[in-house]
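Written out below as structure tokens is the structure these notes cover.
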Amino acid sequence: MNAQTTLSRFTSPSNQTHLQSLISFIKSTTQTFQLLQIHAYLLRTSLIQQTTFSVPFLNRISLPPLQNLNYSLKVFTQISRPNVTHYNTMIRAYAMTIHPERGFYVYRDMMRHDVRPNPQSCSFVVKSCIRGCLFLGGVQIHDRVFRDGHCSDTLLLTTLMEFYSVSGKCEDACKVFDEMPMRDTVAWNVLVSCYTRNGRTRDALGVFDAMRSGEHGCDPDDVTCLLVLQACSNLCAFEFGERVHQYIKVHGYIHALNICNALVAMYSKCGQLDKAYEVFQKIPNKDVVSWTAMISGFASNGYGREAINGFRQMKTMGVSPDEQTFTALLSGCSHAGLLDEGRLIFDKMQTEFGVVPNVHHYGCVVDLMGRVGLVEDAYDVIMSMKCKPDATIWRTLLGACKVHGNLTLGERVIEHLIELKAQEAGDYILLLNMYLSAGHWEKVIEVRKLMKEKGIQTTPSASTIELKGEIHEFKVDDTSHSRINEVYEMLDEIEKQLKIGGYDAELNDVGSKDKETRLSYHSEKLAMAFGVLATPPGTKLRVAKDLRICTDCHNFAKMLSGVYNREVIIRDRTRFHHFRDGRCSCNDFW
DNA sequence: CGGTATGACC
């Protein structure tokens, strides 16, 4: 039916059929001016007071693509006795705007008018609390769940899980999950996402296995796979990732672009570029995300030239880069030490592609310049930035100051970090090591005192290694692993062997605890020793570390790769280190 | 079917 002719019918009083088609017209039109005409008609005939008309109308103007909150509010106030559905529409609409907290106000208004909230109202208002960071508001809703008789509404409880998850209350989210009478796949997926988000990545993988066991009647779906692949990326869990890949193939999800893109990212983040490329090549309709994931994979594994090449191909294929693509490219240049190329890309990004540099882009440039020793210039770059420098960017420069022994600049940089109230233990450790290297003992003592005064908590660093799809975690001076005694014995044995090969623990870098900390017991060394212990000779070792690898452990890994003839991949907070034949692919240390 | 959901700086 033609839209104009339909519309003209509503100028005169209508029969039931006409009113029916009016509703479907409201639901289908994309023209605001037609809605305005209908609005006038609804007001004139008072049909707006009837739920059957006002609900679809309010929905239409409150949700994308025609979302207009001022208009919604106007219509809402014209309804003399709004019912629960009207309120729900308003709460839901506000939940997705830049003023999500207003959803909570609407909810309170609804209570004041004695309109009983249904599970949907609660879900939407919890969503408002999530988006608006209203922690107490969310808890309030949760407290009411039993009283309102909504304790078996899967959707509401899932939204509450999500609420606790983003609030960092992993335990509470799990409690809600445990107490749910019925759990669907989405609830399970939220559990996975909750574990990943809150650092319980290994448990996220456990959930995947639990779902697959078939005992819960909820098989992993495509979203589960996306979430679990993220967890594998974080943990460098290559073998587990391969299992997920297999599952994806069996269930036909391999044709979904987002799944393929996540696979490329996962393999890249496990240091398996060949696998990443294999998946990438087979993607028929590569989008900007696919290309960026691949370029980023090249970049973080130290293949700057390949990253640039990938970018060229991408342009040839007619895919336009976005700001994240340039971040990947620039970080590729910095990891590979390609100063001129990086600068050129940074310029072209702005002139040719009109991308305004953001904090990520600047972060790469600062790293690029700091790495080649242009620390003062890097400082000037930060000071000239149009956006506010974040802690990461200062930390990057601080690392460069450490490598190049620029103490005076390092002191200035730490001031900036303190100003941002973002200084971490690692920053002080870096400064401490700079003073140590320079032999400024009185300064060393001063920093220690400062750290003590400020109560700076040093979180012990952790490393993980995957064996047969199982993740083993080690902390500094770990005593918790079941085979820890064997691990320490093996570590001593390895150190003996490496010393013969010329390895000497560099004693001028200290760990995160205090000056008595034995270098030998850094978590990545424990993980490597366990790998040597528990796998057949020649097996590749893949270690993930949450902080940056120190010079000593880097040397240790280099030597180990030669003496024991093992390929070692260590992924630290910033990048990959591929050790082979006594060498590393990176240029971080020399 | 409203709730989960692909690629970024150290």
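By convention in this document, chain letters (A, B, ...) are assigned in the order of the sequence lines, proteins followed by strands, and residues within each chain are numbered from 1. Computed from heavy atoms alone, side chains included, the values below leave out hydrogens, waters and symmetry copies.
Here the side chain of A:His360 is nearest to one of B:dC9, B:dC10, B:dT4, namely B:dC9. The side chain of A:Thr158 approaches B:dG3 more closely than any other nucleotide in the set B:dA8, B:dG3, B:dC9. Considering only side-chain atoms of A:Val223, the nucleotide from B:dG7, B:dT4, B:dA8 that sits closest is B:dT4. Closest to the A:Val190 side chain, of the nucleotides B:dT4, B:dG7, B:dT6, is B:dT4.
Figure legend: cation-pi geometry between A:Lys169 and A:Phe135, with NZ or CZ positioned under 6.0 Å from the six-membered ring centre and within 45° of its axis.
Between A:Ser296 and B:dA8, a side-chain N or O to OP1/OP2 separation shorter than 4.0 Å is present. A:Lys269 has no side-chain polar atom (N or O) that falls below the 4.0 Å cut-off from OP1 or OP2 of B:dT6. Close to B:dC10, at under 4.0 Å from its OP1 or OP2, lies a side-chain N or O of A:His335. For A:Arg183, no side-chain nitrogen or oxygen approaches OP1 or OP2 of B:dT4 to under 4.0 Å.
Nucleic acid contact class of A:Thr396 (heavy atoms, under 4.0 Å, all strands): sugar-phosphate only.
The closest donor-acceptor contact from the side chain of A:Arg571 to the backbone of A:Gly271 lies at 3.5 Å or more, if one exists at all.
The structure places OG1 of A:Thr392 at 8.5 Å from NE2 of A:His360, a figure rounded to the nearest 0.5 Å.
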